[in-house]
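Throughout, a chain's letter reflects where its sequence line sits, starting with A, and its residues are numbered from 1.
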Amino acid sequence: MRRGFMVSIGDILKGRHVGETVELRGWIYRTRTVGGKAFVVVRDSTGIIQATISKDAVPPEAFAAAEKALIESAVEVKGTVTKDKRAPGGYELRATDLRVVHFAEKFPIQEDPSEEFLLDVRHLWVRSQRMTAIFRIRHTAFAAVHEYFRGQGFWEVHPPMITSAGSEGGTTLFELEYFGRKAHLTQSWQLYAEALVLAMERIYYIGPSFRAEKSRTTRHLTEYWHAEMEQAWAGMDEVIKHAEGVISHACQRVAEERPEDVVALGRTPEFLKAVKPPFERLTYDEALKQLKAKGVDLEWGKDLRTLEERALTEGTTKPIVVTHYPRVTQAFYKARDPKHPDLVLAFDVIGGDGVGEIVGGSERETDLETIQKGLKEQGEDPKAYDWYLDSRRYGSVQHAGFGMGMERLIQWICKLDHIRDAVPFPRTPARFAP
RNA sequence: GCCGUCGUAGCUCAGUCUGGUAGAGCCCCCGGCUGUUAACCGGGUGGUCUCCGGUUCGAAUCCGGACGACGGCGCCA
């Protein structure tokens, strides 16, 4: 088959090549044959289109190949782009030639697959329209986060993935053997960020975090991508504004650049465009009052759980910000509220649709002795954190920061039932393959 | 960590209560059909009933155990 003018399916669907003779290549999505005609629906990374192959319009071997090729066979098709109401999508390619690059074996995924089976064949399911739409949005969201922080004067710096200690207590760390000694996979850049922030002042990074928590929920992964920022000479209010800013910026970019994908997943670009600062903000105490009014009682000092988060975000179209949590249950590095010693200057950004906490952040404790005391209260040995504590010995200044779960953000933007679809190959307690 | 559900053909499931030769639809293969839209019509191939043990003349089915997965809660981003 002689090479023609190669085009993408997406371009054809935009009406760019009507009447032209072009060539496209991709994978067979469906085939139907009716007597002397074969309808071969082809997908590439930009869309799907029907190629109509008439027995009398192509070489005999091409028609035979079209009839024989199974779903997901790789093909090259040459033909004339035609606008036709009978074709799904409104455009089709009237083929003059077809070559099968690879005859696929019987493709295991058919109609009505179970969730469990799709996870077993995830390496094949990633070819689906739904998955590729999410991947494109993920691409855009990641770019937007980089764009936001760089635009705000933050340096991208990289912490290690292999660490000696954790930041949230040692029980949720994956352990690994490091030349005969114990090491761990990072669960947060927290300790390193607080060392680096005294050098670079405004820093951020996006990278993987690992949590060895056997969480069986629709919003937990054991390996997830963490967008984290840390800022010197800044308090809680300033970093809350950055949290609102970065979430909003990601929503704007996705709405502008991926409107078709957004619609395909059940959101609208308008919904995302409306996600602009400021978000509704309330303190933990105010949240308890709101919950009580809704008939949900929560004892003071308990963290907000799924039930409470859902009640608080019910009917919201933007995430909400909850601030000033009780000090009990909070990590040792979070700063006390000078006005209320029982509270810490910590905040969460909570998304609706059951996604829950998208961002968690705080102002950091600057006083050496207070941190050492906090570590002991959590059952940690301050000696193991000695290098970290140097950040409170040599020029300790006010600083604050937050971590954002990229998959949580994508889950919320794409309105996904389960966080595992926000990443191509999810890692959960039950699965690390494929 | 706790609670619940499930495991039968490549896929989706019925059959299990009440033990007696392993079933359907889809996929695939063969045949038909010149505009199909998850095409349709006719025929055919396809099984370690998750595994181990027990009861029984006989177990997919009853009993005991193991393993695996999914869903919910907790923990978190």
Side-chain angles (χ1 to χ4, degrees), chain A residues 29-41 48-57 63 67-68 70-72 82 84-90 92 94 104-121 124-125 166-169 171-172 187-190 206-228 243 247 302-310 319 329-331 347-351 354-361 402-412 417-420 422 428-431:
Chain A
Y29 186 71
R30 293 254 183 285
T31 58
R32 300 177 277 271
T33 60
V34 182
K37 273 194 176 138
F39 299 94
V40 178
V41 183
I48 62 175
I49 193 169
Q50 168 172 291
T52 306
I53 294 118
S54 292
K55 202 168 191 170
D56 49 17
F63 189 78
E67 279 196 311
K68 190 182 150 207
L70 303 183
I71 286 172
E72 288 304 320
T82 311
D84 193 319
K85 273 185 244 167
R86 296 172 296 182
E92 66 178 20
R94 301 269 168 85
E105 295 178 26
K106 199 162 93 178
F107 200 62
I109 301 175
Q110 294 153 28
E111 62 193 75
D112 245 354
S114 64
E115 278 295 312
E116 187 180 337
F117 180 66
L118 289 180
L119 290 169
D120 289 340
V121 293
L124 301 174
W125 183 234
S167 64
E168 317 276 345
T171 55
T172 63
Q187 61 177 187
S188 163
W189 81 335
Q190 191 59 42
I206 311 178
S209 272
F210 305 89
R211 300 277 166 105
E213 298 160 354
K214 286 192 176 172
S215 304
R216 283 210 57 86
T217 76
T218 56
R219 54 196 184 285
H220 284 88
L221 296 167
T222 54
E223 174 186 299
Y224 67 97
W225 284 73
H226 212 166
E228 302 185 271
I247 289 171
K302 301 279 181 190
D303 213 348
L304 301 177
R305 299 168 305 172
T306 309
L307 176 77
E308 289 85 20
E309 287 180 349
R310 287 198 179 160
T329 78
Q330 295 284 330
F347 70 98
D348 287 340
V349 180
I350 300 169
V355 173
E357 195 178 328
I358 295 172
V359 166
F402 65 77
M404 174 165 72
M406 287 302 291
E407 285 79 11
R408 294 250 177 108
L409 176 67
I410 291 159
Q411 182 184 8
W412 185 75
D417 292 336
H418 203 297
I419 195 170
R420 64 184 163 221
T428 58
R431 280 182 192 271

N/O donor-acceptor pair under 3.5 Å between [X] side chain and [Y] backbone:
X        : Y        : result
A:Thr82  : A:Asp84  : no
A:Glu407 : A:Trp225 : yes
A:Gln411 : A:Thr218 : yes
A:Arg219 : A:Arg408 : no

Donor/acceptor link under 3.5 angstrom from [X] side chain onto base of [N]:
X        : N      : answer
A:Lys37  : B:rG35 : yes
A:Ser215 : B:rC75 : yes
A:Arg216 : B:rG74 : no
A:Arg408 : B:rC76 : yes

Is the shortest side-chain N/O distance from [X] to OP1 or OP2 of [N] below 4.0 Å?
X        : N      : value
A:Arg86  : B:rU34 : no
A:Thr172 : B:rC76 : no
A:Arg94  : B:rG35 : no

Selection from [options] that lies nearest to any side-chain heavy atom of [X]:
X        : options                : value
A:Pro88  : B:rC70, B:rC76, B:rU36 : B:rU36
A:Asp84  : B:rG35, B:rU36, B:rC70 : B:rG35
A:Lys106 : B:rC70, B:rG72, B:rC28 : B:rC28
A:Arg431 : B:rA69, B:rG74, B:rG35 : B:rA69
A:Ala430 : B:rA77, B:rU36, B:rC70 : B:rC70
A:Ile419 : B:rC73, B:rU36, B:rA77 : B:rA77
A:Asp303 : B:rU36, B:rC76, B:rC73 : B:rC76

Heavy atoms only, 4.0 Å cut-off, all strands: where does [X] land among base, sugar-phosphate and nothing?
X       : result
A:Ala38 : nothing
A:Glu92 : base
A:Thr33 : base

Rounded distance (Å) that lies between atom [atom2] of [N] and atom [atom1] of [X]:
X        : N      : atom1 : atom2 : result
A:Leu304 : B:rG74 : CG    : P     : 11 Å
A:Lys68  : B:rC28 : NZ    : C1'   : 14 Å
A:Gln50  : B:rU36 : CD    : P     : 10 Å

Say you pick atom [atom1] in [N] and the same atom in [M]; how far apart are they, in whole Å?
N      : M      : atom1 : answer
B:rG19 : B:rG65 : P     : 22 Å
B:rU12 : B:rC70 : C1'   : 16 Å
B:rU48 : B:rG32 : P     : 33 Å
B:rA60 : B:rA14 : C1'   : 12 Å
B:rG42 : B:rC57 : P     : 47 Å
B:rU50 : B:rC6  : C1'   : 12 Å
B:rC67 : B:rG74 : C1'   : 25 Å
B:rU56 : B:rA69 : P     : 35 Å

Under 3.5 Å for both donor-acceptor distances, Watson-Crick or wobble: does [N] have a partner, and if so which one?
N      : answer
B:rU55 : none
B:rC33 : none
B:rG7  : B:rC67

Where is the tightest heavy-atom contact between [X] and [Y], given as atom of each residue plus distance?
X        : Y        : answer
A:Arg305 : A:Glu308 : N-OE1, 2.7 Å
A:Phe63  : A:Gly35  : CZ-O, 4.2 Å
A:Pro108 : A:Leu124 : CG-CD1, 3.6 Å
A:Val40  : A:Ile53  : CG2-CD1, 3.4 Å

N/O contacts under 3.5 Å, protein versus nucleotides 11-14 of chain B?
unit_1	atom_1	unit_2	atom_2	d
B:rU12	OP1	A:Ser114	N	3.2
B:rU12	OP1	A:Ser114	OG	2.4

With the criterion being N/O to N/O and under 3.5 Å, what pairs connect the protein with nucleotides 42-45 of chain B, and how long is each?
none

Exercise. Are A:Leu304 and A:Ile350 side-chain neighbours, meaning at least one heavy-atom pair lies under 4.5 Å?
Worked result: yes
Problem set entry | Beyond-backbone contact of A:Arg30 with A:Ile48, side-chain heavy atoms, under 4.5 angstrom |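 A:Arg30 vs A:Ile48: side chains apart.
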Exercise. Is there aromatic stacking of A:Tyr224 against B:rA77, centre distance under 5.5 Å, plane angle under 30°?
Worked result: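 A:Tyr224 vs B:rA77: stacking yes.
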Problem set entry | Of A:Ile71 and A:Gly356, the one whose closest RNA chain B nucleotide lies more 5' | A:Ile71
For this session: Just jot down the side-chain contact (heavy atoms from CB on, under 4.5 Å) partners of A:Glu213, sequence neighbours excluded, or say none.
Result: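 So A:Glu213 forms a side-chain contact (heavy atoms from CB on, under 4.5 Å) with A:Thr172, A:Arg211, A:Ser215, A:His220.
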